[in-house]
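Below you'll find the structure, written out as structure tokens, and then a few comments.
Quick note: residue numbers are just sequence positions, from 1. Because only heavy atoms are used, hydrogens play no part in the values below, and waters and symmetry mates are left out as well, while side chains stay in.
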Amino acid sequence: MSFPLLTATAVLPALGAVATAAVPARRRTAAKWIALLVSLATLALAAVVLVRFDPGGARYQLTESHAWIKDFGVRYELGVDGIAAVLIGLTALLMPFIVLAGWNDADPMETGSSRWRPTQGFFALILAVEAMVIISFEATDVFLFYIFFEAMLIPMYFLIGGFGDRAHEHGEAAASTQRSYAAVKFLLYNLVGGLIMLAAVIGLYVVAGNFSLQEIAQARANGSLHMATGTERWLFLGFFFAFAVKAPLWPLHTWLPNAMQESTAPVAVLITAVVDKVGTFAMLRFCLQLFPEASKWATPVILVLSLVSIVYGALLAVGQRDIKRLVAYASISHFGFIVMGIFAMTSQGQSGATLYMVNHGISTAALMLVAGFLISRRGSRLIADYGGVQKVAPVLAGTFLIGGLATLSLPGLAPFVSEFLVLVGTFTRYPVIGVIATFGIVLAALYTLVLYQRTMTGPVKPQVEKMPDLRPRELLVVAPLIVLLVFLGVYPKPLTDFVNPAVQHTLSDVHQKDPKPETEAAK
């Protein structure tokens with residue numbers, strides 16, 4: 001029997017979560033080191049997955065399949081295509097930085113304080129989320145995917161509600177209330193989406209007789225499985241609704257600003273750079289592959305919703321007074337680009353959308369983690385409480401600027417490549433949508449540069465005069481992310497080699513080809 005590499009990649013952080021939680025209460029430092037070493041070991045396994053994956057080979061590779069609940073046709077089936085492989089790599093890559101950035105976030109608030117913060121639980125929950133996200137990317141059994149798609153809500157609920165940001169202008173009591181509100185809102189939104197999806201999963205089983213993604217897709221392709229038009233559309237809507245909540249897509253996005261505002265910076269990165277990617281990934285893997293005709297039927301409405309997300313998120317980001325809420329609304333705008341690229345139904349659009357998932361994860365992690373370091377120094381999330389930081393902490397200001405420039409997709413940084421591909425891919429089939437979406441880029445430049453100008457330039461405010469620059473641990477977190485943003489902005493080929501073949505398979509699922517250029521069509 002070959003080594004179950006995909007299972008090991010998901011099980012290792014799960015075991016690490018158990019080991020971290022079992023560390024005695026007084027050994028907080030040991031729990032941190034266990035979490036860091038486990039995240040690094042998981043990154044090594046994810047690297048092996050990428051090395052062993054052959055972009056020119058079969059669509060799903062490193063597959064595993066075992067009987068689980070035979071009476072209901074549920075199997076333990078795993079497999080990765082190029083899209084899943086790079087997202088597993090992104091998840092595993094970000095986790096060591098999230099652990100390092102949150103090194104002191106769950107320590108006691110005061111020396112000798114009776115309000116003990118369970119450090120072990122904080123890092124155990126982070127590793128548990130990593131395990132569930134990775135197996136969600138690997139699952140090719142719909143029921144197996146659904147279990148972990150929903151299960152990851154539980155550790156995220158406790159991370160938001162139990163380990164929130166300490167920077168609150170109205171004191172700890174108000175902060176606790178706000179954290180509870182944000183955590184409950186996050187849970188309720190995603191549970192409603194999950195329950196609707198569960199009904200669709202059951203409906204899919206009634207129609208297909210099993211939960212195997214590959215078997216159902218193959219049966220649909222060869223004509224042995226036929227879905228009535230109405231049935232397919234209702235099932236598609238059930239799946240898409242849950243994924244749109246997770247994504248998050250307007251108007252199902254309102255949980256995200258609250259969750260990111262009340263979370264610590266590392267948990268905010270975990271939400272928007274890791275967990276939310278499961279929603280957009282699932283649109284590619286499940287919506288388009290299982291329900292191709294319904295996907296094409298819903299495309300015009302989804303593109304309009306994506307366009308609203310792009311412009312609406314960017315406009316609200318411009319008007320924010322809170323740094324974290326600004327990044328949250330910027331992310332809503334970026335997820336609009338991702339969904340638009342997916343449903344543009346072109347190779348450029350879907351390749352760009354997949355690259356956008358990776359590049360957005362890296363750029364948001366860089367910006368949000370530096371913002372977290374800034375907030376922890378001043379004790380405030382309000383933009384108005386800063387000014388002149390670049391004069392007292394130039395390295396912090398410089399990394400903040402690079403993260404912001406990546407967010408606005410500056411040429412030469414990684415997000416530019418993905419955003420350009422999404423816009424080109426959309427314009428070739430839907431030119432009006434593509435043109436309007438470009439306003440999102442203009443607004444991104446506005447909210448990013450205004451944020452930098454108000455926090456980093458101008459006279460030095462008295463409250464930031466003694467602000468220290470980035471420490472070695474913080475530099476270790478930020479510097480590799482900055483290097484990746486530059487490298488993938490100049491040379492994205494390592495990612496496109498994985499993504500492009502998988503995108504071609506997805507387009508063939510929905511029976512779409514790239515539109516011919518007008519000059520060629522005229523001939």
Side-chain angles (χ1 to χ4, degrees), residues 86-87 89-90 93-94 97 101 265 269 272-274 277 280 310 313-314 317 323 326-338 340-341 348-349 351-374 390 394-425 437-453 455-456 470 474-499:
V86 297
L87 291 177
L90 170 70
L93 173 70
L94 292 180
F97 301 122
V269 171
T272 191
V274 177
K277 298 301 187 298
T280 48
I310 292 168
I323 296 174
L326 187 151
V327 178
Y329 280 110
S331 291
I332 291 168
S333 180
H334 296 150
F335 275 102
F337 277 108
I338 294 172
M340 185 176 74
Q348 299 99 327
S351 293
T354 305
L355 292 179
Y356 216 131
M357 293 185 221
V358 177
N359 296 331
H360 171 264
I362 299 171
S363 62
T364 299
L367 179 62
M368 178 57 79
L369 292 179
V370 177
F373 298 148
L374 178 70
Q390 68 180 10
V395 177
L396 188 154
T399 53
F400 190 81
L401 177 61
I402 295 173
L405 293 176
T407 298
L408 64 83
S409 300
L410 183 76
L413 297 176
F416 170 76
V417 179
S418 44
E419 195 164 282
F420 178 78
L421 285 173
V422 166
L423 289 172
V424 169
T438 57
F439 286 102
I441 303 175
V442 178
L443 293 171
L446 179 61
Y447 62 69
T448 300
L449 297 177
V450 167
L451 171 64
Y452 183 84
Q453 184 237 347
T455 56
M456 300 295 165
L470 291 183
E474 296 167 338
L475 275 173
L476 186 61
V477 170
V478 177
L481 297 174
I482 299 298
V483 171
L484 274 174
L485 287 174
V486 175
F487 175 76
L488 293 176
V490 175
Y491 189 66
K493 188 175 184 295
L495 289 180
T496 57
D497 286 346
F498 279 89
V499 168

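- Looking at residues two or more places apart in sequence or on another chain, you find a side-chain contact (heavy atoms from CB on, under 4.5 Å) between Val370 and Leu396, Thr399, Phe400, Val478.
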Chi angles and distances behind the side-chain contact (heavy atoms from CB on, under 4.5 Å) call for Met357, Leu87: CA-CA 8 Å; Met357 293 185 221; Leu87 291 177; 3.8 Å; yes
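- In this structure Thr354 satisfies the side chain to side chain donor-acceptor pair (under 3.5 Å) test with no other residue, sequence neighbours excluded.
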Quiz: residues 439-453 side-chain donor-acceptor pairs under 3.5 angstrom, not counting sequence neighbours:
{"unit_1": "Thr448", "atom_1": "OG1", "unit_2": "Ala444", "atom_2": "O", "d": "2.9"}
{"unit_1": "Tyr452", "atom_1": "OH", "unit_2": "Gln390", "atom_2": "OE1", "d": "2.8"}

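- Remark: side-chain polar atoms of Ser418 are paired, donor with acceptor, to backbone N or O of Pro415 under 3.5 angstrom.
- Here the closest heavy-atom approach between residue Ala406 and residue Leu485 is recorded as CB-CD1, 3.8 Å.
- When every heavy atom of Val422 is checked against every heavy atom of Ala353, the shortest pair comes out as CG2-N, 3.5 Å.
- Residue pairs that meet the side-chain hydrogen bond (donor to acceptor under 3.5 Å, both in side chains) test with at least one member in residues 484-499, sequence neighbours left out, are Lys493-Asp497.
- Side-chain contact between Phe373 and Val477 is present, with heavy atoms from C-beta onward closer than 4.5 Å.
- Summarising the geometry of Tyr356 relative to Ser409, their closest heavy-atom pair is OH-OG, 4.3 Å, with the distance given to 0.1 Å.
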For a quick test of your reading: what N or O donor-acceptor pairs under 3.5 Å do the side chains of residues 326-337 make, sequence neighbours left out?
{"unit_1": "Tyr329", "atom_1": "OH", "unit_2": "Arg325", "atom_2": "NH2", "d": "3.4"}
{"unit_1": "Ser331", "atom_1": "OG", "unit_2": "Thr272", "atom_2": "OG1", "d": "3.3"}
{"unit_1": "Ser331", "atom_1": "OG", "unit_2": "Val327", "atom_2": "O", "d": "3.1"}
{"unit_1": "Ser331", "atom_1": "OG", "unit_2": "His360", "atom_2": "NE2", "d": "3.3"}
{"unit_1": "Ser333", "atom_1": "OG", "unit_2": "Ile310", "atom_2": "O", "d": "2.8"}
{"unit_1": "His334", "atom_1": "ND1", "unit_2": "Ala330", "atom_2": "O", "d": "3.2"}
{"unit_1": "His334", "atom_1": "NE2", "unit_2": "Thr407", "atom_2": "O", "d": "3.2"}

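- Ala273 and Leu90 get closest at one heavy-atom pair: O-CD2, 3.8 Å.
- In terms of the side-chain contact (heavy atoms from CB on, under 4.5 Å) criterion, residue partners of Leu410 (sequence neighbours excluded) are, by chain and number, Leu405, Leu408, Leu413.
- Of all the heavy atoms in Ile362 and Leu481, the pair that sits closest is CG2-O, 3.8 Å.
- Every residue two or more places apart in sequence or in another chain that forms a side-chain contact (heavy atoms from CB on, under 4.5 Å) with Leu475 is listed here: Val395, Leu470.
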Test side-chain contact (heavy atoms from CB on, under 4.5 Å) applied to Val417 and Leu488, step by step: CA-CA 9 Å; Val417 179; Leu488 293 176; over 6 Å; no
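- Residues Val499 and Val358 are not in side-chain contact: their nearest non-hydrogen atoms beyond the backbone lie 4.5 Å or more apart.
- The ring-ring contact (aromatic ring centres under 6.0 Å, His included) check on Phe498 picks up Phe53, with sequence neighbours excluded.
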